[in-house]
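Side-chain atoms are counted along with the backbone in the values below, which use heavy atoms only and exclude waters and symmetry mates. As the structure is a computational prediction, the values presented were derived from the model and not from experiment.
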Amino acid sequence: MEIVNRVAQSGIEVYNLEKLWDGAPVLELDLTPFLEQGLLLREKPFRAKVAAHDWAMYQDAHVAVYCSTEALIPAWAYMLVASRLHEARSVGLGTPEEIVRNWFERELADEDWSRYSDRIVVVKGCGSGIVPESAYVTAIQRLMRVARKVMYGEPCSNIPLWRRPKTHAS
């Protein structure tokens with residue numbers, strides 16, 4: 001008796017959001033140590049601390065820049081720090097979670113969704129945990145524009161989420 005892989009024959013397309021992530025680490029950069037008493041930004045000492053900082057550790061990483069105190073940070077200070085992070089993979093203001101969410105938003109905006117036109121698609125779940133829930137929401141919204149059916153999970157074990165309504169010819 002021949003064993004038949006019905007999942008492979010089903011024509012189901014697997015959309016794996018994890019493949020959008022580049023695998024680079026996400027590092028935090030708190031500006032508080034660059035400030036006097038963690039609260040006051042004075043230009044000359046701030047520039048000196050920025051110049052003395054070891055920026056090599058951020059190479060090829062995603063960097064989340066923030067200030068953990070209630071200090072008022074002018075735009076030029078963030079820009080100065082960002083100019084030193086030119087070898088980072090990406091730089092953004094906010095938490096690591098916000099940096100990851102923004103990465104996925106950009107990647108999903110650039111995705112070619114037409115390849116899923118009139119297809120049955122399973123959005124792969126249960127992965128490494130790097131994919132933010134917002135990416136799953138964006139993915140189904142985009143897939144609903146082109147796919148015939150969208151499910152979540154694995155091709156052999158999935159949860160149906162959406163099916164294009166059948167149109168009746170008059």
Fill in the blank from the handout: Closest heavy-atom pair, Val146 versus Arg164, reported as atoms and distance to 0.1 Å, is O-NH2, 2.9 Å
Exercise for the section: Would you mind listing every side-chain hydrogen bond (donor to acceptor under 3.5 Å, both in side chains) that reaches into residues 75-86, with sequence neighbours excluded? Expected result: none
Exercise for the section: Under the side chain to side chain donor-acceptor pair (under 3.5 Å) rule, collect the residues that match up with Arg89, sequence neighbours excluded. Expected result: Asp22
Problem - Parallel, tilted or perpendicular: rings of Tyr58 and Trp55 (30°, 60°) - result: tilted
Practice task
Say whether Val150 and Ile159 are linked into one hydrophobic cluster, either directly or through other cluster members, by side-chain heavy-atom distances under 4.5 angstrom.
Solution key: yes
Handout entry: Contact check, side chains of Pro74 and Leu41, non-hydrogen atoms, under 4.5 Å
Key = yes
Practice task
Report the residues that fulfil side chain to side chain contact (heavy atoms under 4.5 Å, CB included) with Ala48, sequence neighbours left out, ordered by chain and then residue number.
Solution key: none
Problem - Separation between CG of Leu85 and CD of Gln59, rounded to the nearest 0.5 Å - result: 11.5 Å
Exercise for the section: List in chain and number order the residues that pass salt bridge (Lys or Arg N to Asp or Glu O under 4.0 Å) with Arg47, two or more places apart in sequence or in another chain; answer none if no residue qualifies. Expected result: Glu43
Problem - Hphob cluster co-occupancy, Ile120 + Leu143, side-chain heavy atoms under 4.5 angstrom - result: no
Fill in the blank from the handout: Taken in chain and number order and not counting sequence neighbours, the residues that satisfy side chain to side chain donor-acceptor pair (under 3.5 Å) with Thr138 are none
Practice task
Please report the closest heavy-atom contact between Ala82 and Val91, naming both atoms and the distance.
Solution key: CB-CG1, 4.5 Å
Handout entry: Atom pair CG (Leu29) and CE (Met57), whose distance is rounded to the nearest 0.5 Å
Key = 8.5 Å
Handout entry: Listed partners of Thr69 passing side chain to side chain donor-acceptor pair (under 3.5 Å), at least two apart
Key = none
Completion exercise
Those residues at least two apart in sequence (or on a different chain) that pass salt bridge (Lys or Arg N to Asp or Glu O under 4.0 Å) with Lys149 are none
Problem - Donor-acceptor contact present, side-chain Asn102 to main-chain Ile99, <3.5 Å - result: no
Practice task
Identify the heavy atoms of Ala64 and Gly94 that sit nearest to each other, and give their distance.
Solution key: CB-O, 3.2 Å
Exercise for the section: Flag the pair Met151 / Leu161 as yes when at least one side-chain heavy-atom distance between them is below 4.5 Å, and no otherwise. Expected result: no
Practice task
Decide side chain to side chain contact (heavy atoms under 4.5 Å, CB included) for Ile140 and Val123; before the verdict, give the C-alpha distance in whole Å, the side-chain angles of both, and the deciding distance to 0.1 Å.
Solution key: CA-CA 8 Å; Ile140 191 166; Val123 178; 5.8 Å; no
Practice task
Return each pair, listed once, that meets side-chain hydrogen bond (donor to acceptor under 3.5 Å, both in side chains) where at least one residue sits in residues 29-39; pairs must be two or more places apart or across chains.
Solution key: Asp30-Thr32, Asp30-Ser68, Thr32-Ser68, Glu36-Arg42
Exercise for the section: Say whether, by atom type as modelled, one donor and one acceptor occur between the side chain of Trp103 and the main chain of His62 under 3.5 angstrom. Expected result: no
Practice task
List, by chain and number, the other hydrophobic cluster members for Leu72, where Ile, Leu, Val, Met, Phe, Trp and Tyr join if side-chain heavy atoms come within less than 4.5 Å, directly or indirectly.
Solution key: none
Exercise for the section: With rounding to the nearest 0.5 Å, note down the distance linking OG in Ser117 to CZ in Arg148. Expected result: 10.5 Å
Exercise for the section: Examine distances only and state if a side-chain atom of Trp162 and a backbone atom of Gln141 form a donor-acceptor pair shorter than 3.5 Å. Expected result: no
Exercise for the section: Report yes if some heavy atom in the side chain of Pro96 is under 4.5 Å from a heavy atom in the side chain of Glu28; otherwise report no. Expected result: yes
Fill in the blank from the handout: Rounded to the nearest 0.5 Å, the CD1 atom of Ile73 sits from the CG atom of Leu80 at a distance of 11.5 Å
Problem - From Arg101 atom CZ to Glu105 atom CD, the distance as rounded to the nearest 0.5 Å - result: 6.5 Å
Exercise for the section: Identify the heavy atoms of Val121 and Ala147 that sit nearest to each other, and give their distance. Expected result: CG2-CB, 4.0 Å
Practice task
Return the set of residues passing salt bridge (Lys or Arg N to Asp or Glu O under 4.0 Å) with Glu87 (not counting sequence neighbours), or none when no residue passes.
Solution key: none
Residues 12-21 side chain polar contacts: donor-acceptor under 3.5 Å, at least two apart:
{"unit_1": "Glu13", "atom_1": "OE2", "unit_2": "Arg119", "atom_2": "NH1", "d": "3.4"}
{"unit_1": "Glu13", "atom_1": "OE2", "unit_2": "Arg119", "atom_2": "NH2", "d": "3.0"}
{"unit_1": "Tyr15", "atom_1": "OH", "unit_2": "Glu111", "atom_2": "OE2", "d": "2.7"}
{"unit_1": "Asn16", "atom_1": "OD1", "unit_2": "Glu18", "atom_2": "N", "d": "3.0"}
{"unit_1": "Glu18", "atom_1": "OE2", "unit_2": "Ser128", "atom_2": "N", "d": "2.3"}
{"unit_1": "Glu18", "atom_1": "OE2", "unit_2": "Ser128", "atom_2": "OG", "d": "3.2"}

Handout entry: With sequence neighbours excluded, residues passing side chain to side chain donor-acceptor pair (under 3.5 Å) with Arg145
Key = none
Problem - Same apolar cluster: Tyr136 and Trp113, side chain cutoff 4.5 Å - result: yes
Practice task
May I have the step-by-step check of side chain to side chain contact (heavy atoms under 4.5 Å, CB included) for Asn158 and Tyr152, ending in yes or no?
Solution key: CA-CA 5 Å; Asn158 58 67; Tyr152 173 82; over 6 Å; no
Problem - Single-linkage hydrophobic cluster Val100~Val65, side-chain heavy atoms < 4.5 angstrom - result: no
Handout entry: Exercise: identify the closest heavy-atom pair between Ala71 and Leu35
Key = CB-CD1, 3.5 Å
Practice task
Determine, step by step, whether Thr95 and Tyr66 satisfy the side chain to side chain contact (heavy atoms under 4.5 Å, CB included) criterion, reporting the C-alpha distance in whole Å, the side-chain angles of both residues, the deciding distance to 0.1 Å, and the verdict.
Solution key: CA-CA 7 Å; Thr95 65; Tyr66 70 101; over 6 Å; no
Practice task
Examine Val50 and Leu27 and state if one hydrophobic cluster contains both, with Ile, Leu, Val, Met, Phe, Trp and Tyr joined whenever side-chain heavy atoms are less than 4.5 Å apart.
Solution key: yes
